[in-house]
K.L.:
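Encoded as structure tokens, here's the structure I'll be asking about.
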Amino acid sequence: MSEHVEGRIGRRTHNAGALRAGNAGETVLLQGWVHAIRDAGGVMFILLRDRHGLTQVTLDETAPEAAWEVARRVRLEWVVEVEGVVARRAEAAVNPDMPTGEIEVRPTRLAVLSASRPLPFTPGTQAPVSEQVRLQHRYIDLRRPELQRNLLIRHRAAQAARRYLDRLGFLEIETPVLTRSTPEGARDYLVPSRVHPGEWFALPQSPQIFKQILMVAGCDRYFQIVKCFRDEDLRADRQPEFTQIDIEMSFADRDAVMAVAEGLARHVWREVLGVELEPFAVLSYAEAMRRFGVDKPDLRFGLELAELDWGATGFRVVRGALDAGGIAKAMVVPGAAGDTSRKTLDAWTEFARRYGLGGLLWGKVKEGDAWSGPLGKVEAELRAGIPGVSPGDLVLVAAGPAAAVNAGLGNLRNHVARERGLVPEGVFRFAWVVDFPAFEWDEEAGRWVALHHPFTAPKPEHVALLGTGREAEVLSDAYDLVCNGYEVAGGSVRIHDGEVQRKVFAALGMDAEEARARFGFLLDALASGAPPHGGIAAGFDRWVMLLAGTDNIRDVIAFPKTTTAQDLMAGAPAPVDPEQLAELHVRNTV
RNA sequence: GGGGUUGUAGUUCAGCCGGUUAGAACGCCGGCCUGUCACGCCGGAGGCCGCGGGUUCGAGUCCCGUCAACCCCGCCA
């Protein structure tokens, strides 16, 4: 048995995308799928496909009768082997749209390696096929060049990340997949224990606690490209199992972690796309919310929001919102007065309402002080206070509770930009968002919850505020990396002091006993010589989405799940035998 | 949990104001064709109109429910 270091493995001499005019005259052996058959009678063309490309195999009167017999039998998506001679195509037969279009293979031998049943669709199918059918037959869908390309991008991104982190001295260490359920955060996927009746493992939402403990264990620099599991509803950019590039560093402050993560993104983009990223902007959470209404702003276009100082207004809608403790904000859409119909405005209003806004006020700016639309009724001096307004612009104003105004206008900003073609293609605008509030008030639970997670260090100067009832003012050393409107990484400096950790648990409504019960091992670890440490976790699937230029996470995952968290190909989830349940001490209640 | 879009042949779709035998394209099967590259030409097979109920003389079409795919809100430390 010899060891293959590179190059040729097996009997293939070339892949289906390799042959060029320079190979003319060579005897080759290709294996692959039948992508298309064009039978013109006395001459027949078979397109052979593998993940590298397409090669035309041509049979004419010079082809052996045995090859003809096989060719006439062959059907789409059968797997075949071709042995033959590379020939330059006649001038008129060259296909300039194909990388291998200058040549064709004249077979001396053609063999069927594997037949295929008639398929519900083929990779060569012209009409788009529904997502449902594609997911049911994922092995066919994955044969398509686009998805092959995405898998390749994903592979290259993962390899580039590993090389970069390895070079910086990070160790790739695996953490358990069967672990324990932790409070806070997403719903857990649970796994019953056979050996311990009534007890359950949880699949990790992230390896958070383990990586911190690895720091206590002296590992210094850790990373892992790791599956995480969250049993929450799906979105176009969210799957219940997803992959993180998980990173943790000892003796590192915020800037050190951010530098590593920025370097990682820079390296991956360079290696995968050959792109040099612009310097990453840094903005505070407060600034992001003020200017963009969201904590993951898309910086590829303008349309920034402006907070309005309309405290004096008598305008009924705004007056009411302000009196109720709300705010008013404006978004100016340059040059949109002329071509924004009433229908479009209604659709935008409907869009904004989803986020809890009562509605939108709009005004089309004419020459002078004249505005048409609802904003025309607003005092002229207040309208003059909206920054950057010129005749021909469309102004949208929302008033209400701050959260609704920000979410409504912030998301509408993305929507309008897309509709009006303001989003440039092929551009990556990365930015750091820093100085997040440590806690946010959960109305439903009636308590403070961690905005990031309970192990995030409050800013040192804010630690004293813990337990004083001023939790809302506490900022944390947390940071998110955003790109083109996606959150693509998030992390923080961690609490390495058991006392501070207890105070944070207390602020979250967890008393010492409960904290002990749930996180005792972490508290013990933190009390056992814990280095200052911090880290970050990057949403690898979203990175690949951006690299691949798609807006759907299913396009970059080999075997994704549907919106209802099912695997249509494998048919999961599915019932199991009652004996299996009995063994696990579990009973179905449905 | 809520809202929206979609569901008709293997696939993608059309199907009018409720009317008699539900169509097209591609694919599939058979035949023809010596330079195709969305090959072309001739012929053929193929339908639980997602599922259940209702209205009606009559339902692919209208109503109610339900299931599924997708998008969004909630949720996602």
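In what follows, every chain begins at residue 1, and chains take the letters A, B, ... in the order their sequences are listed.
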K.L.:
Less than 4.0 Å between a side-chain N and a carboxylate O, is that true for A:D60 and A:R106?
P.N.:
yes

K.L.:
Ignoring the backbone of A:V43, work out which of B:C75, B:U34, B:U11 is nearest its side chain.
P.N.:
B:U34

K.L.:
Which residue lies toward the 5' end of RNA chain B, A:R354 or A:A90, if each is placed at its nearest nucleotide?
P.N.:
A:A90

K.L.:
How far does the C1' atom of B:A22 sit from the matching atom of B:C76, given to the nearest Å?
P.N.:
46 Å

K.L.:
Counting the benzene-type ring for Trp, do A:F540 and A:F242 have ring centres under 6.0 Å apart?
P.N.:
no

K.L.:
Quote, to the nearest angstrom, the C1' distance that separates B:C57 from B:G15.
P.N.:
23 Å

K.L.:
For a quick test of reading the model: is some side-chain N or O of A:S130 closer than 4.0 Å to OP1 or OP2 of B:U12?
P.N.:
yes

K.L.:
Expressed in angstrom and rounded to an integer, what is the separation of A:D541 atom CG from B:C76 atom C1'?
P.N.:
14 Å

K.L.:
How far, in whole Å, is B:C13 from B:C49 if one measures between their C1' atoms?
P.N.:
13 Å

K.L.:
Please determine if a side-chain N or O atom of A:T563 lies less than 4.0 Å away from the OP1 or OP2 oxygen of B:C70.
P.N.:
yes

K.L.:
Starting at atom CG of A:D60, determine the distance to atom P of B:U34, rounded to an integer number of angstrom.
P.N.:
12 Å

K.L.:
Which label fits A:W441 and A:W448: parallel for a plane angle under 30°, tilted from 30 to 60°, or perpendicular past 60°?
P.N.:
perpendicular

K.L.:
Over how many whole Å does the gap from A:R117 atom CZ to B:G10 atom P extend?
P.N.:
13 Å

K.L.:
Side chain of A:A93 only, please: which of B:G30, B:G35, B:C71 is the nearest?
P.N.:
B:G35

K.L.:
Go through B:G74, B:G35, B:C72 for me and flag the one nearest to the A:F45 side chain.
P.N.:
B:G35

K.L.:
When rounded to the nearest Å, what value does the distance between C1' atoms of B:A9 and B:A25 take?
P.N.:
12 Å

K.L.:
Measure from the side chain of A:P120, starting at C-beta and using heavy atoms only, and say which of B:U36, B:G10, B:C72 lies closest.
P.N.:
B:G10

K.L.:
Salt bridge or not between A:E232 and A:R230? Use side-chain N to carboxylate O under 4.0 Å.
P.N.:
no

K.L.:
Taking only side-chain nitrogens and oxygens of A:R353, does any of them come within less than 4.0 Å of OP1 or OP2 of B:C72?
P.N.:
no

K.L.:
When rounded to the nearest Å, what value does the distance between C1' atoms of B:G47 and B:G7 take?
P.N.:
15 Å

K.L.:
If the threshold is 4.0 Å, N to carboxylate O, is there a salt bridge linking A:D511 and A:R516?
P.N.:
no

K.L.:
If you measure from the P atom in B:U11 to the same atom in B:U5, how many Å do you get, rounded?
P.N.:
24 Å

K.L.:
Nearest to the side chain of A:M98, heavy atoms from C-beta on, is which of B:C37, B:U12, B:A69?
P.N.:
B:C37

K.L.:
Which nucleotide, B:C28, B:G35, B:C76, lies nearest any side-chain atom of A:L76?
P.N.:
B:C28

K.L.:
Take A:T179 and A:F201 through the side-chain contact (heavy atoms from CB on, under 4.5 Å) test and state the conclusion after the steps.
P.N.:
CA-CA 5 Å; A:T179 180; A:F201 293 103; over 6 Å; no

K.L.:
Check the distance between B:A38's P and A:R38's CZ and give it to me in whole angstrom.
P.N.:
7 Å

K.L.:
Please tell me which of A:F121 and A:Q56 maps to the more 5' nucleotide of RNA chain B, matching each residue to the nucleotide holding its nearest heavy atom.
P.N.:
A:F121

K.L.:
Looking only at atom C1', what distance separates B:A68 and B:U8, rounded to whole Å?
P.N.:
16 Å

K.L.:
Nearest to the side chain of A:E61, heavy atoms from C-beta on, is which of B:C71, B:U34, B:G35?
P.N.:
B:U34

K.L.:
Taking the side chain of A:E104 as its heavy atoms from C-beta onward, which of B:U12, B:G35, B:G74 lies nearest to it?
P.N.:
B:G35

K.L.:
Look at the rings of A:H137 and A:Y139 and say which category their plane angle falls in: under 30° parallel, 30 to 60° tilted, over 60° perpendicular.
P.N.:
perpendicular

K.L.:
Whole-Å distance between B:G35 P and A:R88 CZ?
P.N.:
22 Å

K.L.:
For the base of B:C75, is there a side-chain donor-acceptor partner from A:R238 under 3.5 Å away?
P.N.:
yes

K.L.:
Any donor-acceptor pair under 3.5 Å between the side chain of A:R89 and the base of B:U36?
P.N.:
yes

K.L.:
Please determine whether any donor N or O and acceptor N or O are separated by less than 3.5 Å between the side chain of A:R72 and the base of B:G30.
P.N.:
no

